[in-house]
A.B. asks: 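Below you will find the structure I want to go over with you.
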Amino acid sequence: APYSLVPTNFSSPPLLHPEDVSTFAEAWNNCIKQGGSLSVEVRLLSKGNIYRHNIIQAIPIRDSNNQITQWVGTNSDIHEIKIAKEEIDRRQAIEESEQRYRNLAEAIPQIVWTAGKDGAANYFNVKWFDYTGYNQTQSYGWNWLSAISNDKQR
């Protein structure tokens, strides 16, 4: 008899993250129906009851009549790769946001500046430099005070 595997309870044992059960079930059922290969990303419960990102892949093995006789599969732990990619994406989004802010700050006719939590200036738009004639060294930190006061002390 040809091999057939149509699981009905994808959460037993409960290795799949509850939010990934339907994704896996749909992918696996499509694989079974179409006789194709499987590649699906899910979170699996690992030691210490921690869910880790995995890619589950499987291919059918067929007999001479092209009937599926078994499946061969792998689970690849991609957790660190997934977390690193999310961090890269997060940093890229921050950089893009900062660039949009800088573009806006440079485009408006007002002077725009920022300072760190200690109050030391760490950014001035070009309008500041045009208005004061100062360069970055003369402006950053607490040096900007000399543009508005003769007192160079904080």
Side-chain angles (χ1 to χ4, degrees), residues 1-130 134-137 139-144:
Y3 178 82
S4 92
L5 175 62
V6 182
T8 56
N9 186 353
F10 288 102
S11 60
S12 178
L15 295 177
L16 281 169
H17 189 283
E19 294 174 4
D20 296 341
V21 170
S22 62
T23 299
F24 179 78
E26 181 181 341
W28 180 246
N29 285 329
N30 286 338
C31 182
I32 296 294
K33 289 176 189 172
Q34 298 171 7
S37 60
L38 172 74
S39 183
V40 63
E41 186 176 318
V42 295
R43 290 162 290 177
L44 296 176
L45 194 61
S46 67
K47 291 180 183 178
N49 287 329
I50 297 170
Y51 284 102
R52 295 182 57 86
H53 296 275
N54 280 256
I55 291 181
I56 298 176
Q57 296 178 307
I59 58 170
I61 304 298
R62 298 175 185 276
D63 64 15
S64 58
N65 295 323
N66 203 30
Q67 297 296 311
I68 297 173
T69 59
Q70 63 180 333
W71 292 85
V72 176
T74 62
N75 290 3
S76 301
D77 186 318
I78 60 162
H79 193 77
E80 280 78 18
I81 295 169
K82 179 85 172 178
I83 298 303
K85 182 179 181 326
E86 289 171 356
E87 178 62 17
I88 289 168
D89 291 346
R90 185 187 68 78
R91 287 182 183 178
Q92 184 176 6
I94 289 170
E95 288 172 10
E96 289 171 1
S97 176
E98 287 175 352
Q99 187 59 48
R100 282 191 304 273
Y101 164 78
R102 289 192 189 279
N103 290 343
L104 176 63
E106 295 301 330
I108 63 174
Q110 289 79 21
I111 292 173
V112 176
W113 56 272
T114 63
K117 64 182 178 180
D118 65 351
N122 56 24
Y123 171 79
F124 289 96
N125 70 347
V126 72
K127 300 297 187 235
W128 166 263
F129 300 113
D130 291 345
Y134 281 31
N135 62 31
Q136 289 181 351
T137 303
S139 300
Y140 289 165
W142 294 98
N143 297 333
W144 64 272

A.B. asks: Any donor-acceptor pair under 3.5 Å linking the side chain of Asp20 with the backbone of Leu16?
C.D. replies: no
A.B. asks: Return the CG to CG distance between Asn75 and Leu15, rounded to the nearest 0.5 Å.
C.D. replies: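 Nearest 0.5 Å value for the CG-CG distance: 9.5 Å.
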A.B. asks: Has Ser139 got a side-chain atom pairing as donor or acceptor with Asn135's backbone, closer than 3.5 angstrom?
C.D. replies: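 Yes, because the side chain of Ser139 sits within donor-acceptor range (under 3.5 Å) of the backbone of Asn135.
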A.B. asks: Could you tell me the separation between the CD1 atom of Ile56 and the CG atom of Leu38, rounded to the nearest 0.5 Å?
C.D. replies: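 Here the interatomic distance stands at 7.0 Å.
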A.B. asks: Indicate yes or no for a side-chain donor-acceptor contact from Asn65 to the backbone of Gln67 under 3.5 Å, with no hydrogens or angles considered.
C.D. replies: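 Not a single qualifying donor-acceptor pair exists.
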A.B. asks: Is any side-chain N of the basic residue among Arg91 and Glu95 closer than 4.0 Å to the acidic one's carboxylate O?
C.D. replies: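 No, no charged N to carboxylate O under 4.0 Å.
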A.B. asks: Could you tell me if the side chain of Phe24 sits less than 4.5 Å from the side chain of Asn29, heavy atoms only?
C.D. replies: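 No. Closest side-chain heavy atoms not under 4.5 Å.
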A.B. asks: Distance from Ile83 atom CD1 to Ile88 atom CD1, nearest 0.5 Å?
C.D. replies: 11.5 Å
A.B. asks: Would you say the side chain of Phe129 lies within less than 4.5 Å of the side chain of Ile111, judging by non-hydrogen atoms?
C.D. replies: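 Of all side-chain heavy-atom pairs linking Phe129 with Ile111, none is under 4.5 Å.
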A.B. asks: With rounding to the nearest 0.5 angstrom, report the CD1 to CH2 distance, Ile32 to Trp71.
C.D. replies: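 Ile32 atom CD1 to Trp71 atom CH2 measures 4.5 Å (nearest 0.5 Å).
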A.B. asks: So, does Arg62 use its side chain to make a donor-acceptor pair with the main chain of Gly35 at under 3.5 Å?
C.D. replies: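 Checking the backbone N and O of Gly35 against the side chain of Arg62, a donor-acceptor pair under 3.5 Å is found.
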A.B. asks: Please evaluate residues Arg90 and Ile94 with respect to the criterion side chain to side chain contact (heavy atoms under 4.5 Å, CB included), reporting the C-alpha separation (whole Å), side-chain torsions for both, the decisive distance (0.1 Å), and the verdict.
C.D. replies: CA-CA 6 Å; Arg90 185 187 68 78; Ile94 289 170; 3.1 Å; yes
A.B. asks: Which value, rounded to the nearest 0.5 Å, describes the distance between Lys85 atom NZ and Lys82 atom NZ?
C.D. replies: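 Lys85 NZ to Lys82 NZ: 7.5 Å, rounded to 0.5 Å.
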A.B. asks: Side chains of His79 and Tyr51: closer than 4.5 Å at any heavy-atom pair?
C.D. replies: no
A.B. asks: Could you check whether any side-chain N or O of Asn54 sits under 3.5 Å from a backbone N or O of Arg52, counting only pairs where one atom can act as donor and the other as acceptor?
C.D. replies: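 Answer holds: yes.
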A.B. asks: I want to check something: taking the side chain as every heavy atom from C-beta on, are Leu44 and Val42 in contact at a cut-off of under 4.5 Å?
C.D. replies: yes
A.B. asks: Any side-chain heavy atom of Ile68 within less than 4.5 Å of one from Ile61?
C.D. replies: no
A.B. asks: Indicate whether any N or O donor in one side chain lies under 3.5 Å from an N or O acceptor in the other, for Asp63 and Thr69.
C.D. replies: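 No, no side-chain donor-acceptor pair sits under 3.5 Å.
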A.B. asks: Distance-only, no hydrogens or angles: does the Asn125 side chain make a donor-acceptor pair with backbone N or O of Ala105 under 3.5 Å?
C.D. replies: yes
A.B. asks: Using the six-membered ring wherever Trp is involved, compare the ring planes of Tyr140 and Phe124 and label them parallel, tilted or perpendicular (cut-offs 30° and 60°).
C.D. replies: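 Rings of Tyr140 and Phe124: parallel, under 30°.
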A.B. asks: As an exercise, state the distance from CH2 of Trp113 to OH of Tyr123, rounded to the nearest 0.5 Å.
C.D. replies: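 Reported to 0.5 Å precision, the distance equals 13.0 Å.
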A.B. asks: Heavy-atom distance under 4.5 Å between the side chains of Gln57 and Ile55, does that happen here?
C.D. replies: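 The answer is yes; the side chains approach within 4.5 Å.
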A.B. asks: Quick check: closest heavy atoms across Trp142 and Ala120, and the distance to 0.1 Å?
C.D. replies: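 Scanning both residues, the minimum pair turns out to be CZ2-N, 3.6 Å.
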A.B. asks: Given side chains that start at C-beta, do those of Glu96 and Gln99 come closer than 4.5 Å, heavy atoms only?
C.D. replies: no
A.B. asks: Is the backbone of Arg43 close enough, under 3.5 Å, to the side chain of His53 for a donor and an acceptor to pair up by distance?
C.D. replies: no
